[in-house]
Amino acid sequence: MNNYEKRIKNHPILEIVPGEYITFYWNKKPLKAKRGEVIASALIANGIDVFNHHHKDGSPQGMFCANGQCAKCAVIANGLPVKSCMIKVSENMIVESIEGLPELPALYDKITIKDIETVTTDILIIGGGPAGLSAAQELAKSDIDGNRLSILIIDDKHELGGKLVLQTHKFFGSQEDSYAGIRGIDIGKKLAEEINNFPNCSVWLNSTALYVFKDKKVGVLVNGIYKLVAPKVILNTAGAREKFLSFLGNSLPGVYGAGAFQTLVNRDLVRPSQRLFIIGGGNVGLIAGYHAIQAGIKVVGLAEALPRCGGYKVHVDKLKRLGVPIYTSHTVLHAGGEETVESITISEIDKNFHPIDGTEKSFRCDTILIAVGLESLNEFTEEAIKAGMQIYSAGDSQEIAEASSAMFNGKIAGAKIAKAMGADVSDIPEDWYAKAQVLKKEPGIISQERQKETYKFNPDHPEIFPVIHCFQEIPCNPCSTVCPFNSIILPGDPIMDLPVFKGKCTGCHQCLLICPGLAITLVDYRQDKEYPTITLPYEVSNYLVAKGNLLRVVDIDGNHLGELPVMDVITNKRSKTQLIKIKAPKDIAQKIVSFRLQQEIDTEPLKEPLAAAKHSDESMVCLCERVTVKEVRELIKKGVTDINQVKAILRLGMGPCGAKTCTNLIKRIFREEGIQEQEITPNTIRPVFVEVPLKHFAGND
Amino acid sequence: MIKSYDVIIIGAGSVGVPIAMALSANKVKTLVIDKLPSVGQDNNKKAIGGLRATHSDKSKILVGLRSLEIFSSWYEMYGDDIQWMQNGYSFPAYTEDIALQLKNTMEIQHSYGLDISWITPEDYNELVPGINNNELIGSTYSPKDGSASPLLAINAFYRKSLENGCSYKFKECVHEINIMDGNMITIKTDKGEYTAEKVINAAGSYASEIGRLTGFELPVQPDNHEAGISEPVARFFGPMVVDIRPYRKSANFYFYQNFEGQVVFCLTPDPPILGIDNESTSEFLPLIAKRMTSVYPRLSNLKVRRTWRGQYPMTPDGFPIVGESKDNPNIIAAVGFCGQGVMLGPGIGEILSRLVTGEMSDLDKEILAGFSPYRDFNSSELLK
């Protein structure tokens with residue numbers, strides 16, 4: 001099942017640069033890598049998913065976080081144990097799997113020992129994503145007595161933009177404040193370019209903050225050189241961390257977080273999967289599903305524990321229309337497979353989230369994506385407070401919300417810091433705070449009434465008009481700002497309210513092209529009063545749709561409405577959204593939102609659920625040190641309430657990731673055992689944020 | 001109803017827990033009180049796990065030897081793995097002065113039966129392949145020393161003491177200690193009141209404060225040390241390496257590869273950083289990295305996983321204070337272990353248990369004489 005093209009050669013949104021291929025060796029076998037890509041991506045592109053076997057129990061390990069945070073992807077590269085998701089492949093690199101503990105090679109090169117440089121700056125911004133960059137812009141413009149503030153932005157990636165660079169979809173939010181309607185990747189580029197215009201703003205890429213020390217210095221590994229930064233103020237915009245789940249098989253290669261999956265698919269253009277199953281119906285999981293389809297991956301299903309997906313309805317609708325079954329009130333029981341994921345078993349759950357016997361369903365899949373929520377990355381904030389430093393935070397490290405909100409509250413944080421540092425700036429307008437509140441609002445209830453009204457056939461319809469399939473309040477308004485005739489309005493709140501069409505329409509398609517939810521279609525009766533032309537936005541161009549094709553058109557929930565031929569396909573280079581024209585009988589014209597891509601046979605469960613799929617205490621809590629739920633539960637039953645004691649006995653949280661993955665899972669076991677949060681002593685967090693070779697602290701690169 | 005015990009130990013750490021284990025094994029009704037939420041949560045968990053009898057005086061050597069016996073036989077005796085490993089200790093000498101000091105100390109060590117020898121740079125390179133041989137004069141090597149996980153060991157001792165019937169009160173802070181008529185001692189905490197015939201102060205960094213509550217002045221002053229641990233790799237060297245040369249803002253530093261394959265390292269700041277401060281400074285990593293990579297260049301590519309800071313409860317001469325108060329022999333100190341509570345705790349536990357039950361041998365008495373609270377504190381331990 002590994003025999004398919006792993007390189008993405010055709011993508012509706014991302015530009016495919018052919019690139020140069022170099023040779024490297026995997027366990028002595030020569031393979032090709034794209035110059036500049038990391039080892040992990042090169043291996044996956046060559047069909048290699050198992051990178052090492054854990055020294056404790058021999059379990060297979062592969063890529064997991066794609067972020068340098070854990071060490072599941074460890075390999076030996078040119079003799080040294082490294083995290084393969086962080087190290088680029090070089091020509092003729094000898095890469096080997098790790099079986100047991102890796103050997104630390106003898107050292108042949110002399111190392112030179114140097115003192116560590118301390119760099120001073122007014123403001124250190126940790127994280128060059130949407131919040132950090134927006135704050136930097138605000139700060140860079142501010143003067144104190146005619147002097148500009150010095151700003152240093154550090155980011156652990158090789159380019160600015162944070163997670164925006166992985167977002168191929170168009171953004172929600174408001175056009176005026178957060179670039180709504182533009183794709184995340186393009187917003188990222190735009191923000192980064194603007195930063196380059198400020199000479200007082202320095203950027204260090206490939207730079208990881210390691211700790212905020214008590215002597216008010218921040219340790220940063222800058223491209224392999226260790227430096228100390230002594231800022232007056234820190235802004236933490238380091239983002240968020242993904243939560244994980246414990247289930248049988250959760251450590252198999254092929255189980256990813258959404259971030260890792262998007263990194264492979266959207267950054268490295270590597271397709272790790274043919275058949276993906278998603279756990280979690282928030283925006284992250286829903287969008288990742290859409291990205292997978294854009295990358296030519298079948299999405300077998302999506303399971304959400306709650307009775308309704310927490311993400312935006314337009315995202316849910318998009319997946320349903322493409323033919324992705326959504327299983328609400330379901331949880332994952334088991335990832336099957338010996339060395340990599342081969343199947344998933346899910347089951348329905350009751351009100352208390354307990355699996356219901358007899359409702360198990362198994363599917364064949366090679367990848368499972370876990371998108372069960374994010375938590376703020378707040379350790380730098382806590383460290384800075386302990387050190388007595390001035391610290392602010394914005395974006396996800398302050399509060400989990402959409403990137404549009406991160407940009408806006410980054411801007412507010414920037415203005416606040418400038419003001420606090422004595423810059424000559426006016427007070428922050430009250431309406432900024434109000435807007436910030438709106439941008440982070442949770443989606444509202446679904447308006448059945450509006451939906452009914454929209455799909456009711458009106459004999460007095462205009463000759464041409466957009467149908468807006470948007471029935472849930474979300475902070476989003478680009479359709480209203482793009483219409484050249486101002487015919488789409490949000491009568492209530494200018495960002496939150498549901499849009500309505502009223503007035504003139506010439507069929508310019510602007511609203512179709514800008515809607516992030518692909519939730520606007522155009523119905524045109526000008527040529528045919530009985531069979532109007534319907535225009536549908538489409539952006540999965542690698543599933544080619546051409547004139548004459550028969551499409552299985554569907555309504556908003558993905559229900560079949562008929563098979564209709566394509567009249568025309570308009571390709572719009574700039575927006576990358578294609579417009580598909582079909583003709584339909586007038587009684588269904590308004591109801592058609594899209595057409596089905598995936599066939600039922602692609603997503604059907606296996607005839608019988610796979611055995612041995614019960615939810616079990618044998619599942620892992622600590623992937624690094626291989627600690628099971630059962631072991632933790634036994635200690636809790638003996639009366640242990642101090643997580644540090646659990647750690648002392650089981651080594652849980654002592655691995656390379658530093659309890660970043662297991663903390664939530666342990667708390668959950670305590671909850672299951674009826675222990676209140678306030679009775680639990682949390683584990684202590686210590687330096688350093690990621691593992692770093694000793695030589696860097698000695699001044700070597 | 002106030003609960004009454006034979007002995008109350010203040011401090012559930014490296015010293016208090018093994019004392020509790022030994023007492024309860026001797027059927028002494030024991031309570032341990034600690035202000036933290038579980039065992040070993042102050043400095044026990046900061047210890048790097050080196051266990052040695054390689055000290056410079058009789059009392060410590062003998063207690064060290066007995067403790068090593070307890071650690072090394074634990075798995076056979078009780079079945080739980082505390083990751084004991086007999087990997088030895090080494091003190092390499094890079095200056096003539098240090099070589100001479102070490103050799104002189106070896107004479108004392110030999111006289112108490114310690115297995116320690118002087119080895120050549122070449123032999124040392126066999127034990128620690130790739131260690132810097134430049135200017136290396138030689139090294140001591142004591143093969144019977146070893147290491148264990150302080151975390152697993154204290155939890156094993158804790159479990160054993162529970163089996164023996166010992167009680168623990170966690171998250172309780174001792175506020176008052178009163179000596180009542182009839183010699184009963186009452187201890188008041190923020191949560192309750194307990195009485196006992198004897199009280200043992202095993203409060204580590206807080207030894208002076210607890211001592212003061214009983215009028216037993218103890219010259220214990222915590223100072224800060226920083227330590228770290230690497231990723232695990234296949235075993236590539238044997239013994240603990242202790243480099244006692246001073247360098248910049250540090251006195252000695254030491255490291256070894258533990259049972260898990262992780263290199264654990266620690267550094268003694270000089271001048272000492274007094275007080276209790278667990279927050280890491282930016283100075284530690286560059287300093288220890290320089291020292292480690294120059295003495296052992298092979299460590300350069302080893303990834304540092306975590307660092308932390310802890311305290312050595314120091315005494316003026318570097319030796320522990322163990323013994324009864326002159327004013328009231330029911331008040332007993334087991335404090336000031338100067339960072340060696342883990343490696344001396346089990347041996348001390350047995351002696352104190354015999355002290356409480358009145359079964360001390362002449363040798364026990366001789367050992368405790370070396371740790372007397374009333375000694376002059378003018379000598380100095382070379383191998384701190």
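None of the values given here were measured: they were computed from a predicted structure.
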> Taking atom NZ of B:Lys171 as the centre, does the number of heavy atoms from other residues, nucleotides or ligands within less than 6.0 Å exceed 12?
Replying inline: yes
Cut-off 4.5 Å, heavy atoms of chain B, and the answer for A:Phe689 is neither
Evaluation steps, side chain to side chain contact (heavy atoms under 4.5 Å, CB included), between B:Val39 and A:Gln645
CA-CA 8 Å; B:Val39 284; A:Gln645 195 180 9; 3.8 Å; yes
**Report entry** Residues A:Arg651 and B:Glu260 bridged, charged N to O under 4.0 Å
**Finding:** yes
Heavy atoms from other residues, nucleotides or ligands near NZ of B:Lys191 exceed 12 (cutoff 6.0 Å) | yes
Whatever's closer than 4.5 Å to a heavy atom in chain B on A:His55 counts as side chain
B:Asn301 vs A:Leu694, test: side chain to side chain contact (heavy atoms under 4.5 Å, CB included). Steps then yes/no. CA-CA 6 Å; B:Asn301 286 313; A:Leu694 197 60; over 6 Å; no
Of the listed B:Glu283, B:Glu279, B:Met292, the one with the largest count of heavy-atom pairs under 4.5 Å with chain A is B:Glu279
Value for CD (B:Glu231) from SG (A:Cys624), rounded to nearest 0.5 Å, stands at 12.5 Å
Bottom line for A:Asp115: the part with an atom under 4.5 Å from chain B's heavy atoms is both
Answer key: most heavy-atom pairs under 4.5 Å with chain B among A:Ile116, A:Leu80, A:Val690 is A:Leu80
Of all heavy-atom pairs linking B:Leu152 and A:Ala648, the shortest is CD2-O, 3.6 Å
One option among A:His696, A:Lys216, A:Met654, A:Lys638 has the most heavy-atom pairs under 4.5 Å with chain B, and it is A:Met654
*asked:* Is the shortest side-chain heavy-atom distance between A:Val688 and B:Leu285 below 4.5 Å?
replied: yes
Strictly distance-based, threshold 3.5 Å: is any side-chain N or O of A:Asp642 a donor or acceptor partner for the main-chain N or O of B:Pro37? no
Cut-off 4.5 Å, heavy atoms of chain A, and the answer for B:Tyr158 is side chain
Whatever's closer than 4.5 Å to a heavy atom in chain B on A:Ile113 counts as side chain
Comparing A:Pro81, A:Gly219, A:Pro656 against chain B, the one with the most heavy-atom pairs below 4.5 Å turns out to be A:Pro656
Side-chain donor/acceptor of A:Lys695 to backbone N/O of B:Leu299, under 3.5 Å:
no
The interface call for A:Val82 against chain B, heavy-atom contacts under 4.5 Å, is backbone
Practice problem: Please confirm whether the backbone N or O of A:Ile685 pairs with a side-chain atom of B:Arg306, one donor and one acceptor, at under 3.5 Å? | Solution: no
Nearest heavy-atom approach of B:Ser280 to A:Pro687 is OG-CG, 3.5 Å
When the 4.5 angstrom heavy-atom criterion is applied to A:Thr684 and chain B, the contacting part is side chain
Exercise for review: Would you tell me whether A:Asp215 and B:Thr281 have side-chain atoms, one donor and one acceptor, within less than 3.5 Å of each other?
Suggested key: no
Side chains of A:Lys647 and B:Leu151: closer than 4.5 Å at any heavy-atom pair? no
Practice problem: Please answer whether the main-chain N or O of A:Leu104 pairs with a side-chain N or O of B:Arg298 as donor and acceptor at a distance below 3.5 Å. | Solution: yes
Turns out that what part of A:Lys56 lies under 4.5 Å from chain B's heavy atoms comes down to side chain
Of the listed B:Val263, B:Ile154, B:Asn278, B:Asp277, the one with the largest count of heavy-atom pairs under 4.5 Å with chain A is B:Asp277
* **Side chain to side chain, B:Val233 and A:Leu101, heavy atoms closer than 4.5 Å** => no
If one checks every heavy atom of A:Glu625 against chain B at 4.5 Å, the contacting part turns out to be side chain
Turns out that what part of B:Lys45 lies under 4.5 Å from chain A's heavy atoms comes down to side chain
Inset, instruction - For B:Phe170, look at atom CZ and say whether over 12 heavy atoms of other residues, nucleotides or ligands are found less than 6.0 Å away. - result: yes
Max heavy-atom pairs within cutoff under 4.5 Å with chain A, candidates B:Ser282, B:Ser38, B:Ala289, B:Pro286, goes to B:Ser282
